[in-house]
There are 2 protein chains.
Amino acid sequence: MRIQVTVDLVIFTVHESALKVLLVKRSARPFKGRMEIPGVVIRKNESLEQAALREMTEETSAHQVYLEQLYSFGDPRRHPCNRVVTVAYYALLPADRAQQVSGNGWRNVDQLPPLAFDHRRIIDYAIERLRNKLEYSTAGFQLLPKKFTLSELQAVYETILGKKLDKRNFRKKMNLLRILKPLKEWRRTGRKPARLYMFVGKKFEKLKDKGILFPF
Amino acid sequence: MRIQVTVDLVIFTVHESALKVLLVKRSARPFKGRMEIPGVVIRKNESLEQAALREMTEETSAHQVYLEQLYSFGDPRRHPCNRVVTVAYYALLPADRAQQVSGNGWRNVDQLPPLAFDHRRIIDYAIERLRNKLEYSTAGFQLLPKKFTLSELQAVYETILGKKLDKRNFRKKMNLLRILKPLKEWRRTGRKPARLYMFVGKKFEKLKDKGILFPF
DNA sequence: ACAAAAGTGTTAGAATTACACCCATGG
DNA sequence: CCATGGGTGTAATTCTAACACTTTTGT
């Protein structure tokens with residue numbers, strides 16, 4: 001039977017204390033003119049992940065990003081005309097690199113416009129996954145530039161989890177984890193200069209496997 | 001481009017202190033004669049989940065089972081002839097109902113024969129997911145009959161996690177969770193009769209959302 | 001009476017949580 | 001000199017993990 005397989009991408013970033021996703025405007029029917037998340041039809045000789053990376057690069061020019069398969073959506077009525085099964089991925093783009101993305105596609109996840117297909121549901125599902133992932137992995141670091149302050153890191157956690165965290169407990173925990181390297185550099189944007197840190201763990205490390213959990 | 005979409009099923013059960021998966025023998029090429037996990041090509045008007053349920057019923061005659069999407073595998077070389085993207089699901093079949101499955105397809109996950117395609121990898125991935133799921137959900141209960149003893153429940157946990165648990169701590173935790181209803185029935189298979197319990201939580205409840213975690 | 005599995009509490013250590021003040025800088 | 005965000009420690013509580021003996025039954 002004739003089925004089209006696509007890969008759709010929920011690309012997250014955090015900016016100005018808000019979790020944002022990258023949307024693009026549909027130029028074809030159906031849903032012409034509506035916003036949607038970026039997607040591609042997979043090619044003959046590429047894997048699902050390769051297709052996701054290809055689309056990621058096309059939309060953001062970004063390489064080396066955190067990218068993870070989210071879920072596959074295959075309801076026969078999700079596309080009004082054809083039968084399209086989509087394998088959704090989500091990606092985390094550091095704030096500094098998100099600024100370089102051309103166009104103006106970043107939308108606050110709390111203020112999404114009507115979207116094409118079931119893309120709203122896909123985004124909702126991705127947010128849920130991201131929240132969970134934050135607690136037992138180092139995904140949060142993938143949303144920050146290479147060098148960042150502890151306040152910036154905490155702000156990412158607070159934004160995604162949607163709640164305030166205690167500054168001292170947060171820092172204590174980060175110290176314990178031993179995945180941050182303090183640099184001899186300070187950021188002088190606010191009043192008192194803030195120390196910069198680098199993430200030094202492995203990119204996709206599961207902290208749970210080491211018996212470590214973020215207790216937030 | 002022409003792609004076939006299938007749904008493959010990793011069906012788990014626990015029997016005689018071993019985690020088992022249901023395998024079937026391939027009757028068609030390629031890999032004719034090898035064992036594989038059950039799979040179906042999706043039909044025009046069914047969703048992915050419906051296809052998974054259809055195959056589940058076909059193989060086990062079981063309804064009302066725990067079924068969850070696992071991951072989608074789409075490497076262009078995973079099928080030697082065609083391009084096949086498979087959406088893998090995994091299911092948990094209670095021990096008593098697993099005995100009623102015709103044929104002799106249950107294999108210990110520690111002693112898997114060579115499998116067709118990338119099915120070995122799919123099973124390995126499903127095991128990993130199941131282990132994780134056990135810790136923050138009530139998935140473990142789905143592998144037991146409606147009524148069960150605490151020792152049987154503990155055995156399921158020990159089997160899947162691959163390690164011994166402390167009996168008193170295990171029971172203390174189960175008490176705290178308040179998801180077990182003690183019955184006025186006892187099982188008289190061993191020496192001292194063991195009290196039977198029923199699971200009374202919601203089927204797919206995420207205990208984490210209630211701030212509850214299995215600490216094993 | 002003995003073997004086998006059922007059942008039951010306590011305690012030490014670890015992790016989590018709540019909480020308040022001083023510091024360095026720019027304006 | 002003051003407003004702003006950076007930075008730091010302790011104590012109470014909760015959770016986890018280690019540990020051994022008694023009970024009940026069938027043989």
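So you know, we letter chains A, B, ... as the sequences are listed, proteins then strands, and number each from 1.
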Undergrad: Measure the distance from CZ on Arg187(B) to C1' on dG7(C) and round it to the nearest whole Å.
TA: 17 Å
Undergrad: Between atom CG in Asn169(A) and atom P in dA15(C), what is the gap in whole Å?
TA: 14 Å
Undergrad: For the pair made of CG in Asp166(A) and P in dC21(C), what is the distance, rounded to whole Å?
TA: 15 Å
Undergrad: Establish, with yes or no, whether the OP1 or OP2 oxygen of dG7(C) is under 4.0 angstrom from a side-chain nitrogen or oxygen of Arg168(B).
TA: no
Undergrad: Between C1' on dG7(C) and CE on Met174(B), what's the gap in Å once rounded to a whole number?
TA: 16 Å
Undergrad: Please report the distance, rounded to the nearest Å, between NZ in Lys172(A) and P in dA18(C).
TA: 11 Å
Undergrad: Could you give the CG-to-C1' distance, from Leu176(A) to dT16(C), as a whole number of Å?
TA: 12 Å
Undergrad: Between Pro193(A) and Lys192(B), which has a closest nucleotide on DNA chain C that is more 5'?
TA: Lys192(B)
Undergrad: Listed by chain and number, what are the side chain to side chain donor-acceptor pair (under 3.5 Å) partners of Arg26(B), not counting sequence neighbours?
TA: Glu36(B)
Undergrad: Tell me whether the count of non-hydrogen atoms from other residues, nucleotides or ligands lying under 6.0 Å of CZ in Arg188(A) goes above 12.
TA: no
Undergrad: When you check the phosphate oxygens OP1 and OP2 of dG6(D), does a side-chain N or O of Arg195(A) lie under 4.0 Å from one of them?
TA: no
Undergrad: For the pair Arg120(A) (side chain) and Pro114(A) (backbone), establish whether a donor and an acceptor sit closer than 3.5 Å, ignoring hydrogens and angles.
TA: no
Undergrad: Determine the contact category for Arg188(B): base if any of its heavy atoms lies under 4.0 Å from a base atom, sugar-phosphate if only primed atoms, P, OP1 or OP2 are that close, otherwise nothing.
TA: nothing
Undergrad: Check the phosphate of dA5(C) against Ser151(B), side-chain N and O only, distance under 4.0 Å to OP1 or OP2. Yes or no?
TA: no
Undergrad: Mind calculating the distance between CZ (Arg191(B)) and P (dA4(C)) to the nearest angstrom?
TA: 7 Å
Undergrad: For residues 7-21 of chain A, run the donor-acceptor check on the side chains, cut-off 3.5 Å, and write out each pair with its distance to 0.1 Å, sequence neighbours left out.
TA:
from	atom 1	to	atom 2	distance (Å)
Asp8(A)	OD2	Thr86(A)	OG1	3.0
Asp8(A)	OD2	His119(A)	NE2	3.3
Thr13(A)	OG1	Leu93(A)	O	2.7

Undergrad: Please give, in whole Å, the distance from dA17(D) P to Lys167(B) NZ?
TA: 19 Å
